[in-house]
Amino acid sequence: LLTYDAAWSLLKSKGNARFSAICLISSYAWLAISGAVSLGHAGLVSGATYDALIHSFFIGFVWFIIFGHGPILAFSSMGMRAPAMGSLYLPVVLLHVSLIMRVAGDLTGAASMVKNGGLINAVSLVLFIALLTVRLAKDRFQPRKAA
């Protein structure tokens, strides 16, 4: 992923290709974080450090993969070309910030950071799905212009 993935060359692109590349590279960073936590605390099955491991993997890695592929898959499954959606950067930034809060709170024992980070995690995921759904519905049901 660090050497041969196409996402690195797509960073120079614009529109959806760049958005996907940013999300994919972000997911790789969260995968590395979850791997580092796992290496440092192998064998955990509960507790705050385990929470940091689980959330850095399942929210960080998995959801950023979904963010990166979601717009393209959603529109192509409806037979439409995915428009550039700059508004989707907002949930990406929110998810990063909230996940950093949550993992840092887990690793430092700051319960309020864990709680607030988790709440903002949920908001960012719902916001992503809502923005994508609204844009999909708008483009799907918008009358087509005559040629």
Side-chain angles (χ1 to χ4, degrees), residues 1-42 44-108 110-142:
L1 296 175
L2 292 175
T3 306
Y4 299 109
D5 193 9
W8 296 102
S9 62
L10 291 175
L11 278 175
K12 299 172 187 142
S13 301
K14 294 180 181 177
N16 289 334
R18 182 179 174 86
F19 176 79
S20 291
I22 289 170
C23 290
L24 293 177
I25 292 168
S26 297
S27 74
Y28 307 155
W30 285 108
L31 181 62
I33 291 167
S34 71
V37 172
S38 179
L39 284 175
H41 303 280
L44 286 177
V45 293
S46 66
T49 306
Y50 182 72
D51 187 68
L53 167 66
I54 292 299
H55 286 92
S56 61
F57 181 80
F58 285 106
I59 303 294
F61 176 66
V62 172
W63 272 97
F64 278 110
I65 292 287
I66 293 169
F67 276 23
H69 291 89
I72 296 165
L73 293 174
F75 280 89
S76 65
S77 68
M78 301 287 275
M80 301 163 47
R81 184 175 170 90
M85 293 186 57
S87 62
L88 290 181
Y89 282 102
L90 177 61
V92 167
V93 171
L94 277 177
L95 189 58
H96 274 300
V97 170
S98 63
L99 197 51
I100 289 168
M101 285 174 58
R102 185 173 189 140
V103 170
D106 278 331
L107 297 177
T108 63
S112 64
M113 284 179 67
V114 174
K115 181 181 174 183
N116 292 330
L119 177 63
I120 301 168
N121 279 167
V123 168
S124 64
L125 298 179
V126 170
L127 181 61
F128 174 79
I129 293 167
L131 288 171
L132 190 56
T133 302
V134 166
R135 182 60 187 260
L136 187 60
K138 177 185 170 196
D139 288 5
R140 179 75 175 161
F141 299 112
Q142 185 175 16

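These numbers were taken from a predicted model, which means no experiment stands behind them.
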Closest heavy-atom contact between Ala7 and Leu24? CB-CB, 4.2 Å

Here the side chain to side chain donor-acceptor pair (under 3.5 Å) pairs for residues 83-95, sequence neighbours left out, are none

Scanning both residues in full, the closest heavy-atom pair of Asn116 with Met101 reads CB-CE, 3.7 Å

Distance-only donor-acceptor hits, side chain of residues 117-131, under 3.5 Å, sequence neighbours excluded:
{"residue": "Asn121", "atom": "ND2", "partner": "Ser98", "partner atom": "OG", "Å": "2.6"}
{"residue": "Asn121", "atom": "ND2", "partner": "Gly117", "partner atom": "O", "Å": "3.4"}
{"residue": "Ser124", "atom": "OG", "partner": "Ile120", "partner atom": "O", "Å": "3.2"}
{"residue": "Ser124", "atom": "OG", "partner": "Asn121", "partner atom": "O", "Å": "2.7"}

Any salt bridge (Lys or Arg N to Asp or Glu O under 4.0 Å) involving residues 23-33? Give me the pairs, sequence neighbours left out, ordered by first then second residue. none

Applying salt bridge (Lys or Arg N to Asp or Glu O under 4.0 Å), which residue pairs with at least one partner in residues 45-67 are found, sequence neighbours left out? Asp51-Arg102

Sequence neighbours excluded - salt bridge (Lys or Arg N to Asp or Glu O under 4.0 Å) pairs with any residue from residues 115-135: Arg135-Asp139

Qualifying side chain to side chain donor-acceptor pair (under 3.5 Å) pairs with a residue from residues 14-31, counting only residues at least two apart or across chains: Asp5-Tyr28, Ser26-His96, Trp30-His96

Search all heavy atoms of Leu136 against all heavy atoms of Ala74 and return the closest pair with its distance. CD1-O, 4.0 Å

The side chain to side chain contact (heavy atoms under 4.5 Å, CB included) partners of Ala32 (sequence neighbours excluded) come to none

With Ala17, which residues qualify under side chain to side chain contact (heavy atoms under 4.5 Å, CB included), at least two apart? Leu10, Ser13

For Thr49, what residues pass the side chain to side chain contact (heavy atoms under 4.5 Å, CB included) criterion, not counting sequence neighbours? Val37, His41, Leu44, Leu107

Summary of salt bridge (Lys or Arg N to Asp or Glu O under 4.0 Å) pairs that have at least one residue in residues 68-77, sequence neighbours excluded: none

Distance-only criterion, 3.5 Å: show the donor-acceptor pairs between side-chain atoms of residues 56-69 and protein atoms not counting sequence neighbours.
{"residue": "Ser56", "atom": "OG", "partner": "Ala52", "partner atom": "O", "Å": "2.9"}
{"residue": "Ser56", "atom": "OG", "partner": "Leu53", "partner atom": "O", "Å": "3.0"}
{"residue": "His69", "atom": "ND1", "partner": "Ile65", "partner atom": "O", "Å": "2.9"}

Using modelled atom types only, decide if a donor and an acceptor are shared between the side chain of Ser77 and the backbone of Leu73 within a distance under 3.5 Å. yes

Give me the one residue out of Met80, Met85, Arg81 that meets side chain to side chain contact (heavy atoms under 4.5 Å, CB included) with Pro83. Met85

